[in-house]
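Worksheet for the structure shown next.
Heavy atoms only: backbone and side chains are in, while hydrogens, waters and symmetry mates are out. Just so it is clear: chains get the letters A, B, ... in the order the sequence lines come, proteins before strands, and each one is counted from 1.
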Number of protein chains: 2
Amino acid sequence: MHTNDVISSPSKGSKTKEKILKTSLKLFSTKGYASTTVRDIAGAMGIKQSALYNHFKSKDEILETLISDLTSSAIVTIFEDKDSQELYKQGKSVLMSIATIFKLLSFDAQNEALFKLLMQEIYRNERIREIYNEYFYQENVKKLSGLFFMMMQNDMIKSSDPLLLANEFFSPLFFYQMQVSLLKLDKKSTSSVVSLFEKHVDYFWDMIKIEKQTTLF
Amino acid sequence: MHTNDVISSPSKGSKTKEKILKTSLKLFSTKGYASTTVRDIAGAMGIKQSALYNHFKSKDEILETLISDLTSSAIVTIFEDKDSQELYKQGKSVLMSIATIFKLLSFDAQNEALFKLLMQEIYRNERIREIYNEYFYQENVKKLSGLFFMMMQNDMIKSSDPLLLANEFFSPLFFYQMQVSLLKLDKKSTSSVVSLFEKHVDYFWDMIKIEKQTTLF
DNA sequence: GTCTATAATGCGATAGAC
DNA sequence: GTCTATCGCATTATAGAC
């Protein structure tokens, strides 16, 4: 039986190195990078603080490694690698699957931690901002934009500004995800917010779709 | 000539106390609370660190005071105190003025700093989460919800779920405001995002409004 | 690769002169 | 109300035994 990790971290290394990264992500995403000490990390692992320096040369290097991992995480790759050119044909269901990916992100501990890390450090860490903006925001809005453009060309949705549509579709998903992560922090119920993911798609599609003309006879 | 401060802080006190709060907000919102030292604050004011303790008993008390100020800041009071019951009659223009308030928030240094402070500490400070959730999110979504409900009752907009509509209207505004604050951090152009505030309202209203029936003759 | 011990620095906060 | 001086403690990081 092999290990059942859904996501294998791209920063390969020793078993302890992996554990340091995992533990650090958990602590950084909870207490914030600045408020997490290397003693906290080592303590949570049951080793001494100095032992960490056999695997990373500084606390900062741990964060940098985690940020690098962010690039290839599920957070930034909302679209599957399917043939993007043909995706539009699926219509509403593409949008629904994107919303579902957003929704599920909050319920995978690893991805939730990455999201929280991103949110907490984005104002202080320029590299995080770059990754967020380039790989997460720009990339996805661009793809959505192309999707909507194709749908317009094929008379599936009403004609308008594809880029605006992409932003209008993307931003509530991001916001709802943030809401979920905040509610979970206080152990509050997330069900009403979670239902908004699907409602968003339903509402959004109803607004943009082209009504089937009811034939007169 | 009196001082020309647009917003007078509700935490009254001596001139230095005001200056400490102002300086702290600036630094907290830039470097984060944990990474800002009392020496940083004092240094930026040109006084010694120990002098701060004549005005606040701890670094934490400074943050707590700033958080208390948040409650009465422009960030959390998107709606003017006008008669909320009659607001709906203005139709689209109410929505536009709300979007404008959001937009302008980013261009008042004080409010922008408060927003950044909120975003940076919301995952670590339960009181900030409470204020955000209660006074900023819930309050405004509730008011928006009532607004949309009245509009539906009066056949101004299509009938649907008012609460969903409120969330769909609110979330892009929040997201765009975050985008603006991030872009400004890297001194990038914000014009394309800023234009989204108005475009959002235009698009949103077009989707929900009830088309005027063109009379046949 | 982990341990103990320790260096070197920075932190928040206090005491007391002025 | 600000200053100098200092305390006590926590921090990151290193050195060297095992």
I need the minimum non-hydrogen distance between B:Asn111 and B:Leu105, along with the two atoms involved.
CB-O, 3.6 Å

Mind checking B:Thr16 for me? I need base, sugar-phosphate or nothing, with any heavy atom below 4.0 Å counting as a touch.
sugar-phosphate

Trace of the salt bridge (Lys or Arg N to Asp or Glu O under 4.0 Å) decision for A:Glu168 with B:Lys199:
CA-CA 10 Å; A:Glu168 294 285 316; B:Lys199 284 183 183 171; over 6 Å; no

Write down the distance between CZ (B:Phe56) and P (C:dG12), rounded to a whole number of angstrom.
15 Å

Quick check on D:dT14: is either OP1 or OP2 less than 4.0 Å from any side-chain nitrogen or oxygen of A:Tyr53?
no

Any N/O donor-acceptor pair, A:Ser58 side-chain to D:dT12 base, under 3.5 Å
no

Mind calculating the distance between CG (A:Leu52) and P (C:dT4) to the nearest angstrom?
14 Å

Length of the CD-P vector between A:Gln49 and D:dT14, whole Å
11 Å

Taking 4.0 Å as the cut-off, does a side-chain nitrogen or oxygen of B:Lys48 come that near to OP1 or OP2 on D:dC3?
no

Can you see whether B:Phe107 has B:Lys184 sitting over its ring - NZ or CZ less than 6.0 Å from the centre and within 45° of the normal?
yes

Under 6.0 Å from the ring centre and within 45 degrees of the ring axis: does the NZ or CZ of B:Lys92 meet both conditions for the six-membered ring of B:Phe204?
no

Which of these nucleotides, C:dC3, C:dG12, C:dT14, is closest to any side-chain atom of B:Ser50?
C:dT14

Rounding to a whole Å, what distance do you find between A:Lys57:NZ and D:dA13:C1'?
12 Å

For A:Arg124 and B:Lys31 the tightest heavy-atom approach is CD-O, 2.9 Å

Whole-Å distance, B:Ile41 CD1 to C:dA13 C1', equals 13 Å

Whichever of B:Gly46 and A:Thr37 has its nearest DNA chain D nucleotide further upstream toward 5'
B:Gly46

What is the distance from NE2 of B:His55 to C1' of D:dC3, rounded to the nearest Å?
13 Å

Taking only the side-chain heavy atoms of A:Lys59 (C-beta and beyond), determine which of D:dT12, C:dG12, D:dC3 contains the nearest atom.
D:dT12

Integer-rounded Å distance: C:dT6 C1' and A:Arg39 CZ:
11 Å

Atom CG of A:Asp60 and atom C1' of D:dT11 are separated, to the nearest Å, by 15 Å

Sugar-phosphate, base or nothing in reach of A:Ser35, heavy atoms under 4.0 Å:
nothing

